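Not measured: the values here are computed from a predicted model.
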Amino acid sequence: MIQVLKPEHNIKTKRIIGHIEGEEKGPTLLFFGGIHGNEHSGVLALEHVFQKLDKESFRIKGNLFGIRGNIPALLSEKRYIESDLNRMWIKSKILKIQQKQKAERTIEEKELLKVLEVVSDILLAKTPPFYFVDLHTTSSKTLPFITINDALINRKFSRLFPVPIILGIEEYLEGPLLSYINEKGYVSLGFESGQHNELNAIKNSISFLWLSLVFSGSLHRDAVPDFEEHFRQLQKSARNNTDFYEVIHRHAIRKANGFHMKKGFQSFEEVPKGTLLAKEGERELKAIKDTIVFMPLYQEQGEEGFFLIRKIPKWAMAWSAFLRRIQMQAFLTYLPGISWKDEQKQILLVNLKVAKFLTKPFFHLLGYRNRTLDKNRILMQNRERTAKNEIYRNEWWYKTMG
């Protein structure tokens, strides 16, 4: 049975929840909790694990960091105070914040710069391979799940955990912390452990942390006596669901109209065509086809009313990995309507009037994420080009996971 320890030193305003430096060389792991202030489970899980690591003699390799996110929002038990800290991690926006006078910065802008300073210092001072994990919970009931930007290194590492994996959410969200980290090329994943304030959400986060330490090579599996229990905790909570899904729709809230999600929906709930999902003012929002509801909103703060997802067939995942390994994307500019936008050949410009035969799922297979310019043009950025595969090639999971 997994018991949650009460933290002995509950210093709620301390940025670093814990830091452990091992005697042997190894990976550097950065865990974030409380990027949203109403999501305490990740913080409590980190306090629990670091307390246990500190009390008992574990042979740690490398460096472990537990980092608090939005401290003012955590103290207020709100998602955010002025703006969502997990929607601000855009290079141009960060530069503008840095150029502001201190007195002009909002609460979340100050928090962003403090978290950024911690991350930058760790990347400079510590050694790779780096792993980033951002712990969250949702306002609705849900299976625990992982969200990743769809680079192969993220896929390979995420597949070790017995929970479903969601691809493509970064195309629908602007400025998440993990998208910023992914642009640097490191393994990074978000873990949604359950519903806010549920004890099981804390337990799932604790189990996820222990598995992360083992899978990354920071701890030997035999050093965690209840490793199998932690694995089963996630497996049971996820109801043996280890499928891949992709986001196909985001309903952005129009605050002027008022948004009300119909009560009772859970993430991963299959709903038939015609199901009433929500109301926005006088408008009824219904499922236009059979679909799967994901992260329905049952809290006051938030910009997304709900998402819709679909399961990705196993053959599509295997085909995608093969196409990326042979670097099929290198031949795309020979097709009509596709050209490089930049000299560095990092971003594709796709003219949809010419390249009508190509669809978004096709680009997803090759590892591209899209950003719409207008009705005829989209930009495609390859996730694989920024991934630092070379620093993970010798990791056991990189070699063994397909």
Side-chain angles (χ1 to χ4, degrees), residues 27-36 39 41-42 45-46 49 64-67 69 86 89 115 119 122-123 128-138 142-173 175-194 201 204-218 230-231 234-235 237-238 241-247 267 294-295 309 312 317 321 367 369 383-384 386-389 391-392 395 397-398 401:
T28 301
L29 281 73
L30 293 83
F31 299 103
F32 300 89
I35 292 292
H36 289 139
E39 301 175 17
S41 295
L46 285 167
V49 171
L64 314 179
F65 292 89
I67 303 165
N86 209 33
W89 295 85
V115 173
V119 171
I122 292 171
L123 289 175
F130 293 102
Y131 297 82
F132 291 79
V133 175
D134 190 12
L135 302 170
H136 287 269
T137 50
T138 70
T142 184
L143 308 180
F145 62 90
I146 290 171
T147 60
I148 56 171
N149 284 22
D150 186 19
L152 289 181
I153 53 172
N154 286 337
R155 273 196 207 177
K156 285 171 176 281
F157 190 66
S158 297
R159 284 184 60 192
L160 299 169
F161 300 87
V163 298
I165 300 166
I166 312 298
L167 308 179
I169 197 167
E170 82 276 10
E171 289 190 349
Y172 296 87
L173 302 179
L177 168 63
L178 291 185
S179 288
Y180 176 80
I181 300 299
N182 263 276
E183 289 178 6
K184 295 183 177 296
Y186 302 118
V187 167
S188 56
L189 47 150
F191 179 62
E192 303 272 357
S193 63
N204 287 338
S205 290
I206 289 171
S207 293
F208 193 86
L209 291 173
W210 285 113
L211 295 189
S212 297
L213 296 178
V214 171
F215 294 152
S216 65
S218 182
H230 288 301
F231 193 90
L234 293 182
Q235 196 173 46
S237 295
N241 185 343
T242 56
D243 291 322
F244 279 88
Y245 297 80
E246 68 173 333
V247 177
S267 281
F294 183 61
M295 292 205 295
I309 58 176
I312 306 174
M317 297 299 296
R369 58 174 292 188
R383 303 169 176 101
E384 300 298 343
T386 55
K388 289 184 168 64
N389 292 286
I391 68 174
Y392 300 100
E395 301 304 302
W397 54 265
Y398 189 96
M401 299 304 291

Legend entry - Trace of the side chain to side chain contact (heavy atoms under 4.5 Å, CB included) decision for Val187 with Trp397: CA-CA 12 Å; Val187 167; Trp397 54 265; 3.9 Å; yes
Inset, instruction - Under the side chain to side chain contact (heavy atoms under 4.5 Å, CB included) rule, what do Asp134 and Asn86 come out as? Steps first, then yes or no, please. - result: CA-CA 10 Å; Asp134 190 12; Asn86 209 33; 4.1 Å; yes
Inset, instruction - Let me see the working for Arg159 and Phe244 under side chain to side chain contact (heavy atoms under 4.5 Å, CB included), right down to the final yes or no. - result: CA-CA 9 Å; Arg159 284 184 60 192; Phe244 279 88; 3.5 Å; yes
Legend entry - side chain to side chain contact (heavy atoms under 4.5 Å, CB included) between Leu143 and Val163, worked out: CA-CA 8 Å; Leu143 308 180; Val163 298; over 6 Å; no
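Checked against the 6.0 Å centroid threshold, Tyr131 and Tyr392 count as a close aromatic pair.
Residues Tyr398 and Asn389 are in side-chain contact: their nearest non-hydrogen atoms beyond the backbone lie under 4.5 Å apart. For the pair Phe231/Pro162, a side-chain contact is recorded, criterion being any heavy-atom separation below 4.5 Å from C-beta on. In this structure, Ile35 and Pro176 have side chains that are not in contact, with every pair of non-hydrogen atoms separated by 4.5 Å or more. Put simply, the side chain of Asn182 does not reach to within 4.5 Å of the side chain of Thr386, judged on heavy atoms. Between Ile67 and Ile122 the shortest side-chain heavy-atom distance falls below 4.5 Å. By the 4.5 Å heavy-atom criterion applied to side chains, Leu211 and Leu160 are not counted as neighbours. Met295 places none of its side-chain heavy atoms less than 4.5 Å from the side chain of Thr142. Looking only at side-chain heavy atoms (C-beta outward), Tyr186 and Leu123 come within less than 4.5 Å of each other.
For the ring-ring contact (aromatic ring centres under 6.0 Å, His included) with Phe145, the lone residue among Phe208, Phe191, Phe294 that qualifies is Phe294. Looking at Val133, Leu135, Val119 one by one, the single match for side chain to side chain contact (heavy atoms under 4.5 Å, CB included) with Phe32 turns out to be Val119.
Between atom CG of residue Leu64 and atom OG of residue Ser212 there is a gap of 10.5 Å, rounded to the nearest 0.5 Å. Between atom CD1 of residue Ile165 and atom CG of residue Asp243 there is a gap of 9.5 Å, rounded to the nearest 0.5 Å. With rounding to the nearest 0.5 angstrom, the CD atom of Glu192 is 6.5 Å from the CD atom of Glu39. Annotation: the span from Asn204 atom CG to Ser41 atom OG amounts to 9.0 Å, rounded to 0.5 Å. In this structure, CD1 in Ile166 is found 13.0 Å from CG in Leu189, a value given to the nearest 0.5 Å.
Remark: the backbone N or O of Arg155 is not paired with any side-chain donor or acceptor of Ser158 at under 3.5 angstrom. Here the side chain of Thr28 pairs no donor or acceptor atom with the backbone of Pro128 at under 3.5 angstrom. With hydrogens and angles disregarded, no donor-acceptor distance shorter than 3.5 Å links the side chain of Asn241 to the backbone of Pro164. Counting only distance, with no hydrogens or angles, the side chain of Ser205 and the backbone of Ala201 share a donor-acceptor pair below 3.5 Å.
Between Ser218 and Pro27, the closest heavy-atom pair is N-CG, 3.9 Å. The two residues Ser207 and Leu234 come nearest to each other via the heavy atoms CB-CG, 4.0 Å. Annotation for Arg383 and Asp150: closest pair CD-O, 3.1 Å, computed over non-hydrogen atoms. Leu167 and Met317 get closest at one heavy-atom pair: CD1-CE, 4.0 Å. Ala387 and Ile153 make their closest contact through CB-CD1, 4.0 Å (heavy atoms, listed as atom of the first residue, atom of the second, distance). In plain terms, the two heavy atoms of Gly190 and Leu178 that are nearest each other are N-CD1, 3.1 Å.
Contact check on Glu395 versus Lys388 returns no salt bridge, with no Lys/Arg side-chain nitrogen under 4.0 Å from an Asp/Glu carboxylate oxygen.
By the 30° and 60° cut-offs, the orientation of the rings of Phe132 relative to Phe130 is tilted.
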